[in-house]
Amino acid sequence: MILSPRTWAPINQRRWANFNANRRGFWSFWIFLLLFFVALGAEFVANDNPLLIKFKGHYYVPIVASYPETAFGGEFETETRYRDPYVKKLIEADGWMIWPLIPFSYNTINYALQQPAPSPPSSENWLGTDDQGRDVLARMIYGFRISVLFGLTLTLLSSLIGIAAGAIQGYFGGLTDLIFQRFIEIWGGMPVLYLLIIMASLVQPNFWWLLILMLMFSWMSLVHVVRAEFLRARNLDYVRAARALGASNRLIMFRHMLPNAMVATLTFLPFVLNHSITTLTALDFLGFGLPPGSPSLGELLNQGKNNLQAPWLGLSAFGILAFMLTLLIFVGEAVRDAFDPRKVYGSRS
């Protein structure tokens, strides 16, 4: 059974109505989801392999499987390079190919440029190419996907750790709270950038290394919010009643108190996601992020800084970053309105 907003509890109906009332945040949410799902299928939008090939009555799907050049009448047993004019001629002589909307992947070098790289926007490369002749739009799509996936993963994991830490501090209080607070003050004062530079000199940074390193410090962003909510609720009547009935501490914390604390926590999540994305972008811009060659918005910004004669590089990366972060800010405002008890249906921010 699919639950519609009408079948929800009255409080959830009110929250959904408040979210819809903020039209800016409502439409930003759906636009961001659309961009994210397009980026998830980036291989079907921007790829140097055709989506479908029909050759001598047989169908091939190069986007999900690799085929040797000999399968299309070529001479080599290696994987087919479908952008090669010789291979194109062989296939089109006895069949056809359906290409993605953008016939370039994030690492495809366009050797047929009419101008030296970085080349300006053209009918072939809609946003131009970077300093290595790679399509800017394709790299933006793949970079958007990595940035959002990194941000979502970091936000989820850091939220789980931060909520658990804040819940323990606020519920038990006393010496437990004091020790945790002193630890957070010391740990939060660590020079994160210097640590990342040191680690980058020891190991080759990649997606998971960066995620672990950033998780070591980003979990503190929600601790204070959850701690304050638990400190406020620990002496309320429903918590005392649960203790009197013999409920365990874990049951009281996560069954009874956490749902109330999540109201304040959820309003911060879009902003935590924003911070996670900008952190990865900043590290890539400084050269301490993803491995060289990875599709990265920060690396594209760095190319724009180093190639001021090619303004499309910096403007493209800045445009997609500004648009993405603005959408998330608007979504965060709508979520804040949804969980604000003073908001009623039809109110506008």
Side-chain angles (χ1 to χ4, degrees), residues 11 15 18-19 22 25 150-196 210-240 242-243 248-283 325 328-343 349:
I11 188 172
R15 289 170 179 170
N18 288 341
F19 184 84
N22 190 320
F150 181 89
L152 288 174
T153 306
L154 181 59
T155 300
L156 176 62
L157 295 179
S158 61
S159 298
L160 292 176
I161 298 175
I163 290 171
I168 293 173
Q169 282 186 252
Y171 181 79
F172 291 104
L175 184 60
T176 301
D177 184 34
L178 181 64
I179 294 174
F180 261 93
Q181 282 297 98
R182 300 294 81 78
F183 172 77
I184 290 176
E185 290 173 3
I186 297 173
W187 194 248
M190 298 285 285
V192 181
L193 181 58
Y194 290 160
L195 291 176
L196 290 172
L210 289 175
L211 184 65
I212 293 173
L213 290 174
M214 295 308 303
L215 181 61
M216 292 171 59
F217 300 94
S218 63
W219 61 270
M220 294 179 288
S221 57
L222 293 176
V223 171
H224 302 297
V225 178
V226 179
R227 170 179 173 269
E229 290 293 324
F230 270 71
L231 283 173
R232 181 183 62 84
R234 61 188 297 220
N235 292 319
L236 294 181
D237 291 340
Y238 75 92
V239 177
R240 293 180 176 180
R243 288 199 187 103
S248 64
N249 290 330
R250 185 174 62 179
L251 181 63
I252 296 173
M253 291 169 59
F254 297 104
R255 176 70 64 84
H256 301 291
M257 299 177 68
L258 184 60
N260 295 325
M262 287 302 294
V263 172
T265 304
L266 287 174
T267 62
F268 280 89
L269 287 185
F271 304 101
V272 176
L273 175 59
N274 241 0
H275 179 262
S276 302
I277 293 174
T278 53
T279 300
L280 177 63
T281 303
L283 290 174
L325 299 180
L328 290 175
I329 290 295
F330 289 161
V331 172
E333 292 178 351
V335 173
R336 179 200 62 196
D337 290 349
F339 286 94
D340 189 345
R342 297 168 297 180
K343 293 282 184 178
S349 60

Taking the side chain as every heavy atom from C-beta outward, state whether [X] and [Y] have any atom pair closer than 4.5 Å.
| X | Y | value |
| --- | --- | --- |
| P270 | I329 | no |
| N249 | F172 | yes |
| V239 | H256 | no |

Less than 4.0 angstrom from a charged side-chain N to a carboxylate O is my criterion; do E229 and R232 meet it?
yes
Taking H275 as the fixed residue, which of T279, I277, V272 is the one that meets the side-chain contact (heavy atoms from CB on, under 4.5 Å) rule?
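When T279, I277, V272 are each tested with H275, the side-chain contact (heavy atoms from CB on, under 4.5 Å) holds only for T279.
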Which one of L251, L236, I252, V226 satisfies the side-chain contact (heavy atoms from CB on, under 4.5 Å) criterion with M257?
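Among the candidates, only I252 passes.
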For atom CZ of R250, is the number of surrounding heavy atoms from other residues, nucleotides or ligands below 6.0 Å larger than 12?
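Counting neighbours around CZ of R250, 12 or fewer heavy atoms of other residues, nucleotides or ligands fall under 6.0 Å, so no.
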Evaluate whether atom CZ of R243 has more than 12 neighbouring non-hydrogen atoms of other residues, nucleotides or ligands under 6.0 angstrom away.
yes
Any donor-acceptor pair under 3.5 Å linking the side chain of R234 with the backbone of Y171?
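Yes; at least one donor-acceptor contact below 3.5 Å.
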Has R240 got a side-chain atom pairing as donor or acceptor with N235's backbone, closer than 3.5 angstrom?
yes
Judged by modelled atom types alone, do D337 and N22 share a side-chain donor-acceptor pair under 3.5 Å?
yes
Taking all non-hydrogen atoms of both residues into account, name the closest pair between S276 and T155 and its distance.
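Shortest heavy-atom contact: OG-OG1, 3.5 Å.
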Of all the heavy-atom pairs spanning F150 and M214, show the shortest one and how long it is.
CZ-CG, 4.2 Å
Parallel, tilted or perpendicular: which fits the ring planes of F183 and W187, with parallel below 30° and perpendicular above 60°?
parallel
